[in-house]
**Q** 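Questions regarding the structure given below will be posed in turn.
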Amino acid sequence: MNRKGIIIVVSGFSGAGKGTLMKELIKRYDSYALSVSATTRSPRPGEVDGREYFFVSNEEFEKLISENGLIEHAGYVDHYYGTPRKFVEDKLSQGIDVILEIEIQGALQIKEQYPDAVLLFVMPPSAAELKQRLVGRGTETEEVINQRLSRAKEESVGIEKYDYIVINDDLDECVEKVNQIIDAAHHSPSRNLDFIETIRKQLNEL
Ligand code: ADP
Ligand code: 5GP
């Protein structure tokens with residue numbers, strides 16, 4: 001079976017643990033490529049330009065949009081975020097799975113352009129735990145935390161549009177679950193039409 005690269009979109013409320021989960025997934029399985037987004041927000045302590053994000057000005061972001069350099073983009077709590085086109089297209093053409101860790105508006109833009117994409121939503125075990133993780137991360141002011149929690153309320157309305165949800169309670173278990181879901185997606189008939197066609201031809205030639 002010839003494995004074709006697929007886009008895996010990972011969304012979830014701020015603080016649910018998407019970043020932590022994706023870093024661990026990439027560490028354990030080297031078959032995935034993680035897309036690095038462009039953003040107009042400032043780096044958090046420890047974040048490195050080109051690793052967590054490409055940190056750009058508003059002008060630079062608008063230039064990326066006008067050059068068709070992003071496959072999707074969206075506004076999130078006062079800032080812009082977008083996915084650079086070239087990395088995604090290069091990896092897919094090499095048969096490599098690409099993970100996009102993006103919010104819901106971007107996820108739906110991706111599903112329209114790439115109907116084959118797998119949309120996965122990372123849930124916290126409870127709302128109280130979500131708040132605790134956001135506060136515990138200690139990277140945002142109380143005001144921004146409240147904005148992110150109210151955004152979570154809005155985003156919770158769109159979860160049914162996703163293909164799968166995973167609960168990030170035990171990190172190890174969640175990483176394995178995400179890997180299993182992606183692996184299962186590769187086994188759908190719709191993602192293996194060439195192989196099915198080959199076997200049909202062989203059967204006709206027997
Ligand atoms: P997101 O990328 O979804 O905003 P982060 O990956 O930054 O979230 O995680 C938010 C906080 O929760 C971080 O401090 C992280 O260490 C913690 N965290 C992530 N996953 C878990 C987990 N399974 N159990 C407990 N804490 C977690
Ligand atoms: P954060 O500021 O916490 O890193 O990210 C805020 C939100 O923006 C998260 O929900 C994250 O998934 C989302 N995000 C990050 N990169 C992109 C992107 O390229 N496009 C879109 N649409 N959302 C993104």
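Start at 1 and go down the list; that is how both ligands and their atoms are numbered. Predicted model only: the values in this text are computed from it and were never measured.
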**Q** For ligand 1, which is the ligand I care about here, please tell me if Glu129 has any N or O atom under 3.5 Å from one of the ligand's N or O atoms.
**A** no
**Q** Which atom names give the shortest non-hydrogen contact between Phe13 and Pro124, and what distance separates them?
**A**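 Smallest interatomic distance, heavy atoms only, reads CD1-CD, 3.8 Å.
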**Q** Please report which non-hydrogen protein atom sits nearest to atom 20 (N) of ligand 2, along with the residue it belongs to and the distance in Å to one decimal place.
**A**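 Here the closest protein heavy atom is Glu72 OE2, 2.7 Å.
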**Q** Show me which atoms of ligand 1 lie under 4.0 Å from any heavy atom of Leu171.
**A** 23 (N)
**Q** Hey, does Tyr53 sit under 4.0 Å from ligand 2 if you only count heavy atoms?
**A** yes
**Q** In plain terms, say whether Glu47 and Arg41 are close enough for a salt bridge, that is, a side-chain N and a carboxylate O under 4.0 Å apart.
**A**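 Looking at Arg41 together with Glu47, the answer is yes, because their closest N to O distance falls below 4.0 Å.
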**Q** Number the atoms of ligand 2 from 1 as they appear, then name those within less than 4.0 Å of a heavy atom of Gly106, with their elements.
**A**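 Contacts of ligand 2 toward Gly106, numbered from 1: 22 (N).
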**Q** Do we see a donor-acceptor contact under 3.5 Å between the side chains of Ser57 and Glu60?
**A** yes
**Q** Of the protein's non-hydrogen atoms, which lies at the shortest distance from atom 19 (O) of ligand 2, and what is that distance?
**A** Ser37 OG, 2.6 Å
**Q** Taking only non-hydrogen atoms of Gly15, do any sit less than 4.0 angstrom from ligand 1?
**A**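 Yes; Gly15 lies near enough to ligand 1 that a heavy-atom distance drops under 4.0 Å.
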**Q** More than 12 non-hydrogen atoms from neighbouring residues, nucleotides or ligands closer than 6.0 Å to CD on Glu112, yes or no?
**A**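 No, not enclosed.
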**Q** Tell me the protein heavy atom at minimum distance from atom 2 (O) of ligand 1, and give that distance in Å.
**A**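 The answer is Gly19 N, 2.9 Å.
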**Q** For atom 15 (C) of ligand 1, what is the nearest protein heavy atom, given as residue, atom name and distance?
**A**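 The protein heavy atom lying closest is Thr20 OG1, 3.7 Å.
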**Q** With heavy-atom distances below 4.0 Å as the criterion, list the atoms of ligand 1 near Gly17.
**A**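 Counting atoms of ligand 1 from 1, those under 4.0 Å from Gly17 are 1 (P), 3 (O), 5 (P), 6 (O), 8 (O), 9 (O), 19 (C).
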**Q** For a quick test of reading the model, state the closest non-hydrogen atom pair linking Arg148 to Ser14 and the distance between them.
**A**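 Taking Arg148 first and Ser14 second, the nearest heavy atoms are NH1-OG, 2.7 Å.
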**Q** Glu155: heavy atom below 4.0 Å from ligand 2, yes or no?
**A**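 No, Glu155 has no heavy atom closer than 4.0 Å to ligand 2.
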**Q** On a heavy-atom basis, which atom in Phe61 and which in Ala38 lie closest, and how many Å separate them?
**A** CE1-O, 3.6 Å
**Q** What residue and atom, counting heavy atoms only, is the protein's closest point to atom 7 (O) of ligand 1, and at what distance?
**A** Arg137 NH1, 2.8 Å
**Q** Give the atoms of ligand 2, by number and element, whose distance to some non-hydrogen atom of Lys18 is under 4.0 Å.
**A**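 The atoms of ligand 2 under 4.0 Å from a heavy atom of Lys18 are 12 (O).
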**Q** What closest approach, in Å, do Arg133 and Pro125 show between heavy atoms, and which atom pair accounts for it?
**A** NH2-CD, 3.8 Å
**Q** Decide whether the shortest distance between a heavy atom of Leu21 and an atom of ligand 1 is less than 4.0 Å.
**A**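 Heavy atoms of Leu21 never come under 4.0 Å of ligand 1.
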**Q** Any idea which atoms of ligand 2 are less than 4.0 Å away from a heavy-atom of Arg41?
**A** 1 (P), 2 (O), 4 (O)
**Q** Just need the protein heavy atom nearest to atom 13 (C) of ligand 2, so name the residue and atom and give the distance.
**A** Glu103 N, 3.6 Å
**Q** Heavy atoms only, cut-off 4.0 Å: how does Arg151 contact ligand 2, side chain, backbone, both, or neither?
**A** neither
**Q** For Asp169, take its heavy atoms, then give the atoms of ligand 1 lying under 4.0 Å from any of them.
**A** 22 (C), 23 (N), 24 (N)
**Q** Check ligand 1 against Phe13 and write out every atom of the ligand that is under 4.0 Å from a heavy-atom position of the residue.
**A**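 So the atoms of ligand 1 that pass are 3 (O).
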**Q** For atom 11 (C) of ligand 1, which of the options Lys18, Arg133, Glu140 provides the nearest non-hydrogen atom?
**A**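 Nearest option to atom 11 (C) of ligand 1, by heavy atoms: Arg133.
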**Q** Provide the closest heavy-atom pair for Leu70 versus Gly82 in the form atom of the first, atom of the second, distance.
**A**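 For Leu70 and Gly82, the tightest heavy-atom pair comes out as CD2-C, 4.0 Å.
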**Q** Going by atom types only, do Ser37 and Thr39 share a side-chain donor-acceptor pair under 3.5 Å?
**A**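 No - no donor-acceptor pair under 3.5 Å links their side chains.
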**Q** Among Lys91, His186, Lys4, whose side chain to side chain donor-acceptor pair (under 3.5 Å) with Asp97 holds?
**A**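 So the option named by the test is His186.
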**Q** Out of His73, Glu101, Glu47, whose heavy atom sits nearest atom 11 (C) of ligand 2?
**A**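 Minimum heavy-atom distance to atom 11 (C) of ligand 2 goes to Glu101.
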**Q** Can Lys111 and Asp163 be counted as an ion pair, charged N to O under 4.0 angstrom?
**A**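 Salt bridge between Lys111 and Asp163, a charged N being under 4.0 Å from a carboxylate O: yes.
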**Q** Against heavy atoms of Gly82, which atoms of ligand 2 measure under 4.0 Å?
**A**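 By the 4.0 Å cutoff, the relevant atoms are 18 (C), 19 (O), 20 (N).
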**Q** Looking at Glu205 and Lys201, is there a salt bridge between them, counting it only when a charged N and a carboxylate O are closer than 4.0 Å?
**A** no
**Q** Any heavy atom of Ala16 closer to ligand 1 than 4.0 angstrom?
**A**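 A heavy atom of Ala16 does come that close to ligand 1.
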**Q** Charged N to carboxylate O below 4.0 Å: is that the case for Arg151 and Glu103?
**A**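 Between Glu103 and Arg151 there is a salt bridge, with a charged N closer than 4.0 Å to a carboxylate O.
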**Q** Using 30° and 60° as the class boundaries, would you call the ring planes of Tyr81 and Tyr76 parallel, tilted or perpendicular?
**A** perpendicular
**Q** Please work out whether any backbone atom (N, CA, C, O) or any side-chain heavy atom from C-beta onward of Tyr76 is under 4.0 Å from ligand 2, and answer side chain, backbone, both or neither.
**A**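 Near ligand 2, Tyr76 shows its side chain, while the N, CA, C and O stay back.
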**Q** What are the atoms of ligand 2, with element, lying closer than 4.0 Å to any heavy atom of Ala74?
**A**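 Listed by number with element: 22 (N).
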**Q** Within less than 4.0 angstrom of ligand 2, does Arg44 place any heavy atom?
**A**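 Checking ligand 2 against Arg44, which is what was asked, there is a heavy-atom contact under 4.0 Å.
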**Q** Side-chain contact, heavy-atom cut-off 4.5 Å: Ile65 with Tyr80?
**A**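 The answer is no; the side chains never approach within 4.5 Å.
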**Q** If you measure only the distance, is there a donor-acceptor pair under 3.5 Å linking the side chains of Arg137 and Thr139?
**A** yes
**Q** Looking only at protein heavy atoms, identify the closest one to atom 20 (N) of ligand 1 and say how far it is in Å.
**A** Asn168 ND2, 3.1 Å
